[in-house]
Amino acid sequence: MDISVITNNIPKLLDGTVITLEITAISVAAGFVMALFLSIMSVSKNNFIRMPVKWFIFYFRGTPLLVQIFIIYYGSGQFQSALSHVGLWYLFRKPFFCAVLSLALNTAAYSAEILRGGIEGVDFGEIEAARACGMSGFLLYRRIIMPAALRIAWPAYTNEVVFLLQATSLVSIITLMDITGVARLIASRTFAFYEIFITAAVIYLVLVYGLLFVFKKIEKKITAHLNPEAMAA
Amino acid sequence: MFDLQGYGFLLVKGAKLTIVVGIGALIIALLLGLVGSLFKLSKIKTLAVLAETYTTVMRGVPELVSILLVYYGAPTLIQDIAAFFGKNIYVNLDPMFAGILTLGFIYGAFTTEVYRGAFLAVPRGQMEAARACGMSAVLSFRRILLPQMWRFAIPGLSNVWMVLIKATALISVIQLPELLMNAGIAARSTHKPFSCYFAASLIYLLITILSIGFQQWAEKRASRGIRRE
């Protein structure tokens with residue numbers, strides 16, 4: 001075991017950590033916004049709205065993320081002329097854009113399914129009461145259904161965000177220098193395989209359990225009304 | 001657009017290997033999970049802590065990092081240890097062997113949690129009755145707890161399988177010619193990356209659909225003896 005290999009390369013791995021967090025944050029934010037719309041569409045009674053969303057969710061949950069990344073990153077090359085014609089090629093050429101796009105679409109599908117469960121779990125009496133007060137449509141969703149659904153879905157959504165954080169390691173395969181990418185580069189140069197990969201694993205462990213800690217804190221906050229004693233304390 | 005120029009057979013060949021790796025890893029995960037869950041529920045503190053550490057670490061580290069750690073790290077670690085004892089050996093892992101082992105080891109942590117919940121879901125009275133009838137701890141485990149636990153474990157185990165079969169795609173990074181790697185070969189040869197990768201994704205989707213069907217059948221079968229209101 002060569003400790004100096006680890007200490008010498010900690011700064012580079014921390015640079016990778018910044019990239020990992022950046023990709024995670026952008027994908028989670030974009031995925032969440034998409035999931036809000038998709039989940040509402042997936043409980044629609046209109047077949048033409050519901051079915052395409054169902055198929056989108058089924059495809060992205062039923063195929064490996066790495067394949068999705070390859071379809072977007074390498075697959076877009078097949079449509080290079082069409083894409084440059086509409087001026088989108090400069091985006092699809094960049095691995096960062098393709099990585100974030102595929103991660104966002106993937107997490108949107110999983111989160112939409114989680115949120116749909118939350119929406120269906122909202123107490124019907126609350127919706128009736130809101131309707132009786134004259135709320136409908138967007139207002140009803142914004143004030144009553146979505147806040148309640150988010151509370152119900154939060155524990156499952158926490159897991160999804162943790163999975164996404166781990167899944168960002170796949171972007172190293174399309175040449176991005178996240179934690180895993182940096183670790184692979186250093187390992188192939190120094191041949192200190194297990195030292196570097198164990199260090200990378202430890203960084204991921206810290207990130208994952210740190211994230212879980214933050215999300216549990218948020219969960220306590222948004223469900224405080226169910227636990228009045230803890231709130232008073 | 002879906003003309004794979006005769007490379008379809010390569011995808012089918014890869015799909016076969018994907019399924020073999022998936023089932024191999026599943027078997028290891030099922031066995032490891034059984035041991036892990038018994039350790040977790042054990043009264044011996046050391047075993048419980050050991051199993052807790054295993055699940056905490058395995059569930060917190062990305063699969064890709066674990067795969068790279070085992071495939072590239074394990075041989076050098078063994079060589080370094082051997083060198084420490086003054087022996088010069090050369091270890092080279094077979095990608096298939098390393099892939100099955102790593103995936104099995106990762107998903108063993110997930111099956112551990114599934115089994116643990118399933119064991120706790122069997123009513124306590126069942127085991128107490130078995131012990132009162134004079135069965136030993138091992139016999140009552142084999143006759144009472146193990147057969148009844150499956151009903152609670154099947155939904156969770158199916159979830160693990162669906163995640164696992166998709167995770168086999170990661171094995172392509174250690175050059176095992178499974179479905180995704182073969183799709184890559186086809187993509188480069190035909191210059192139709194989208195068609196090839198999309199076709200591969202449809203094969204994964206087909207495996208998922210078949211798995212869902214199998215899950216429903218297994219759930220029905222495992223709850224034959226349950227009364228429904």
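As the structure is a computational prediction, the values presented were derived from the model and not from experiment. All chains are named by letter (A, B, ...) in the order of the sequence lines, taking the proteins before the strands, and each is independently numbered beginning at 1.
- Heavy atoms of A:S172 lying under 4.5 Å from chain B belong exclusively to its side chain.
- For CD1 of B:I89, the number of neighbouring non-hydrogen atoms (other residues, nucleotides, ligands) closer than 6.0 Å is greater than 12.
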Item to complete: Would you check, one step at a time, whether the test side-chain contact (heavy atoms from CB on, under 4.5 Å) holds for B:V65 with A:I179?
Response: CA-CA 10 Å; B:V65 176; A:I179 301 172; over 6 Å; no

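- With rounding to the nearest 0.5 angstrom, the OG atom of A:S169 is 8.5 Å from the CG atom of B:L68.
- The environment of CG in B:N88 is sparse: at most 12 heavy-atom neighbours from other residues, nucleotides or ligands sit within 6.0 Å.
- The line from CG of B:L69 to CD1 of A:I196 is 11.5 Å long, rounded to the nearest 0.5 Å.
- No side-chain heavy atom of B:T76 sits less than 4.5 Å from a side-chain heavy atom of A:F191.
- Chosen from A:F197, A:Y209, A:Y59, the residue pairing most often with chain B at heavy-atom distances under 4.5 Å is A:F197.
- Looking at heavy atoms from C-beta onward, A:L66 lies in side-chain contact with B:S172 at the 4.5 angstrom threshold.
- Judged by distance alone, the side chain of B:Y197 and the main-chain N or O of A:I69 form no donor-acceptor pair under 3.5 Å.
- If you measure heavy-atom distances from B:L170 to chain A, the contacts under 4.5 Å come from both the backbone and the side chain.
- Judged by distance alone, the side chain of A:Q166 and the main-chain N or O of B:R59 form a donor-acceptor pair under 3.5 Å.
- Of the atoms belonging to B:V57, heavy atoms from both backbone and side chain fall under 4.5 Å from chain A.
- Within the 4.5 Å cutoff, no side-chain heavy atoms of B:V61 are placed close to those of A:V208.
- Counting heavy atoms from C-beta on, the side chains of A:L65 and B:K166 never come closer than 4.5 Å.
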Worksheet item: When you look at B:D80 and A:Y194, which way does the side-chain contact (heavy atoms from CB on, under 4.5 Å) test go after all the steps?
Response: CA-CA 10 Å; B:D80 282 7; A:Y194 61 92; 2.7 Å; yes

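- In this structure, the portions of A:F58 lying under 4.5 Å from any heavy atom of chain B include both its backbone and its side chain.
- Using a 4.5 Å cut-off between heavy atoms, B:A187 makes no contact with chain A at all.
- Using a 4.5 Å cut-off between heavy atoms, A:I173 contacts chain B through its side chain alone, with no backbone atom that close.
- A:V67 approaches B:S201 most closely through the heavy-atom pair CG1-CB, 3.6 Å.
- Between A:P64 and B:L180, the closest side-chain pair of non-hydrogen atoms is not below 4.5 Å.
- Crowding of A:F163 atom CZ: a count of heavy atoms from other residues, nucleotides or ligands under 6.0 Å not exceeding 12.
- By the 6.0 Å contact criterion, CZ on A:R189 is open, its count of non-hydrogen atoms from other residues, nucleotides or ligands being 12 or less.
- In this structure, B:Y72 and A:F193 have parallel ring planes: the angle between them is below the 30° cut-off, well short of the 60° mark.
- At distances below 3.5 Å, not a single donor-acceptor pair connects side-chain atoms of A:Q78 with backbone N or O atoms of B:H191.
- Looking at every heavy atom in both residues, A:G75 comes nearest to B:F194 through O-CB, 3.5 Å.
- Annotation: side chain of B:T208 is not in contact with side chain of A:T63 (no heavy-atom distance under 4.5 Å).
- Contacts of A:R61 with chain B are made by backbone atoms alone, with heavy-atom separations under 4.5 Å and no side-chain atom involved.
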